[in-house]
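To start, the structure itself, in structure tokens.
As the structure lists them, so they are numbered: ligands from 1, and atoms in each ligand from 1.
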Amino acid sequence: MSIEHLLENNRAWSARMERERPGFFKGLASQQKPRYLWIGCADSRVPANEIIGLPPGEVFVHRNVANLVVHSDLNCLAVLDFAVNALGVEDIIVCGHYGCGGVQAALQPTEGRIVDHWIRHIRDIAKHYKDDIEREPTATAQTRRLCELNVAVQVVHVRESPVLLAARSKGVQVHGWIYDVGDGLLRDLTPIVDEVRALEPSCRLS
Ligand SMILES: [Zn+2]
């Protein structure tokens, strides 16, 4: 598909939206008031709005390789701060996906590329949960387990971020989900998030 074709697509989409919901863009132009913040993988198969059926204006989105929330990542922290304190989102969804290239790479030897520095965060999770992962019988199952554990750990990172701790009174809920690129379905990972939460050092200490 050519670049020109994308611009044609856009004109057709804009016209269709305006036909179906007259005044849609004019309403959005004055403000955004999304209820949700989505933190997901940059993978092209996991487009946030599309898989949860939400139009523009309903979900604030942050995506990076393997949906990581790293304590020193100013980009992600700025998104969290803006979403919680300026936009007033009520729910934060951390969404991973099976077949994540970033997670798969974390179980392979390093290739020394820039992206390997980023993936190092997932290698640390794989090391921390080695026994849990190795309980799975096949390499595919082990990767799927690490995809789930990665989401759970990132949910804990969001909950324990200075932004969320300072905004406790707002009652923002943080959810962990995983998306299956093979069937287009989302699954709630709350039980795994609770398991991981119980294993976190900060939780054990308190
Ligand atoms: Zn991914």
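Listed by chain and number, the residues in a side-chain contact (heavy atoms from CB on, under 4.5 Å) with Thr110 are Asp116, Arg123 (sequence neighbours excluded). Evaluation of the side-chain contact (heavy atoms from CB on, under 4.5 Å) rule for Gln173 yields Asp91, His175 as partners, not counting sequence neighbours.
For the Zn ion (ligand 1), the nearby protein N/O/S atoms, meaning those under 2.8 Å, are Cys41 SG, His97 NE2, Cys100 SG.
A salt bridge does not link Asp131 with Arg135: none of the charged nitrogens is closer than 4.0 Å to a carboxylate oxygen. Salt bridge status for Arg11 with Glu8: absent, with no side-chain N to carboxylate O gap under 4.0 Å.
Within a 6.0 Å sphere centred on CG of Leu6, heavy atoms belonging to other residues, nucleotides or ligands number more than 12.
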What side-chain donor-acceptor pairs closer than 3.5 Å can you find for residues 67-81, not counting sequence neighbours?
residue : atom : partner : partner atom : Å
Asp73   : OD1  : Asn75   : N            : 3.1
Asp73   : OD1  : Cys76   : N            : 3.4
Asp81   : OD1  : Asn85   : ND2          : 2.6

